[in-house]
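Data block below; observations after.
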Amino acid sequence: MDIIEAIRARMSIRDFHPDPVPKEILKEILGIAVRAPSAENSQPWGFTVLAGDVLDNVRQANIKSLNSGAPPNPDLHYEGWPSGSVYRRRQVEIAKQIFKLMEIPKEDKEKRERWMERGFRYFNAPAAIIISVDRLVHYPRPLFDIGAITQNICLAALKYGLGTCISNQGVTYPEVLNKFAGIPASKRIKISIAIGYPNYDFPANKVVSTREPVENITTWCGFE
Ligand SMILES: Cc1cc2nc3c(=O)[nH]c(=O)nc-3n(C[C@H](O)[C@H](O)[C@H](O)COP(=O)(O)O)c2cc1C
């Protein structure tokens, strides 16, 4: 698969087969991904790769926190997209696409809650990669670098027939990852990537997200 094909083929996968991903393959993917650029080659990232009982314990504790109404405590605090903005419109559009295929009506609170839990369970993936950064690194400087390596992981995974879903939901409760995955409090836990063999029969895995045409978001300067 060439690079352009990989960029075009990557999509968020939100259900996986239970088959484990061999550690050797995950190691190879990370080994490729660390070729990502980083500011002054600082390589501010660190990985914690979860599978088996540890991942199951994390899933359960995440769901427990979610359902008990525990306040979300992500390292990266963010507001929702501004109401009425194009960003909010795009968010609503992808949610509608997913809910339509999943046959989840707007008023079905129960089904919506079950859907929400899916992200906190790493979409049932057999493995999850958690990316963290030392707290001593001045913040938010490393966010660009984390974005670059995250994309590299998702693209490299395709070569091995693996799918991924980047997820904020998976790092909503850092204390869960501190406790069950042993990630020390000296790290900022930035993002999770669910990874595994995609279940292409799952309706949400058929969603093709849309993109704004380049002409709408680009200003050309100095061209004929
Ligand atoms: C920083 C970041 C956080 C994300 N968090 C979630 C998440 O918590 N749950 C989820 O279902 N998808 C999450 N996604 C996936 C996006 O919804 C997805 O990339 C977007 O809708 C475009 O779809 P595509 O990845 O299939 O092209 C996240 C993506 C990024 C880049």
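Since the structure is predicted, the reported quantities are computational estimates derived from the model, not experimental observations. Counting starts at 1 for both ligands and their atoms, following the listed order.
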> With the threshold set at 4.0 Å, does a side-chain nitrogen-carboxylate oxygen contact exist between Arg90 and Glu212?
Replying inline: yes

Among [options], closest by any non-hydrogen atom to [atom]:
| atom | options | result |
| --- | --- | --- |
| atom 29 (C) of ligand 1 | Ile166, Ile94, Leu143 | Ile166 |
| atom 1 (C) of ligand 1 | Asn205, Ile191, Ile98 | Ile191 |
| atom 9 (N) of ligand 1 | Glu93, Gln169, Met116, Gln151 | Gln169 |

>> I'd like to know whether Gln169 forms a side chain to side chain donor-acceptor pair (under 3.5 Å) with Asn62, so could you lay out the CA-CA distance, the side-chain angles of the two residues, the decisive distance to 0.1 Å, and finally the verdict.
In response: CA-CA 9 Å; Gln169 288 171 306; Asn62 275 345; over 6 Å; no

>> For Asn199 and Asn124: C-alpha separation, side-chain torsions, deciding distance, then whether side-chain contact (heavy atoms from CB on, under 4.5 Å) applies.
In response: CA-CA 10 Å; Asn199 173 9; Asn124 300 332; over 6 Å; no

> Are Val21 and Tyr160 side-chain neighbours, meaning at least one heavy-atom pair lies under 4.5 Å?
Replying inline: no

> Is any side-chain heavy atom of Arg135 less than 4.5 Å from a side-chain heavy atom of Asp75?
Replying inline: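 Yes, their side chains come closer than 4.5 Å.
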
Can you pull out the closest protein heavy atom to [atom]? Residue, atom name and distance to 0.1 Å, please.
| atom | value |
| --- | --- |
| atom 12 (N) of ligand 1 | Arg14 NH2, 3.2 Å |
| atom 3 (C) of ligand 1 | Asn168 ND2, 3.3 Å |
| atom 23 (O) of ligand 1 | Ser209 OG, 3.2 Å |

> Can you check whether Ser167's main-chain N or O pairs, donor with acceptor, with Ser192's side chain at less than 3.5 Å?
Replying inline: yes

>> Treating Gln43 as the side-chain partner and Ser38 as the backbone partner, does any N or O pair qualify as donor plus acceptor under 3.5 Å?
In response: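 No, the answer is negative, given that no donor and acceptor are paired below the 3.5 Å cut-off.
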
>> For atom 20 (C) of ligand 1, is there a protein heavy atom at a distance under 4.0 Å?
In response: no

> Can you say whether the rings of Phe99 and Trp115 are parallel (under 30°), tilted (30 to 60°) or perpendicular (over 60°)?
Replying inline: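 Rings of Phe99 and Trp115: perpendicular, over 60°.
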
> Does even one non-hydrogen atom of Arg118 get within less than 4.0 Å of ligand 1?
Replying inline: no

> Touching ligand 1 at all, Arg90? Heavy atoms, strictly under 4.0 Å?
Replying inline: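 The answer is no, since Arg90 has no heavy atom less than 4.0 Å from ligand 1.
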
>> Applying a heavy-atom cut-off of 4.0 Å, say which part of Ser12 lies close to ligand 1: side chain, backbone, both or neither.
In response: both

>> For Gln97, which part has a heavy atom under 4.0 Å from ligand 1: side chain, backbone, both, or neither?
In response: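 Near ligand 1, Gln97 shows nothing, with every heavy atom at 4.0 Å or more.
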
> Which atoms of ligand 1 sit under 4.0 Å from any heavy atom of Phe123?
Replying inline: 9 (N), 10 (C), 11 (O)

>> I'd like to check which ligand 1 atoms, numbered from 1 as shown, lie under 4.0 Å from a non-hydrogen atom of Met11.
In response: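 Counting from 1, the qualifying ligand atoms are 26 (O).
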
> Between atom CZ of Arg112 and atom NZ of Lys106, what is the distance when rounded to the nearest 0.5 Å?
Replying inline: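 Atom-to-atom, Arg112:CZ and Lys106:NZ are 7.0 Å apart.
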
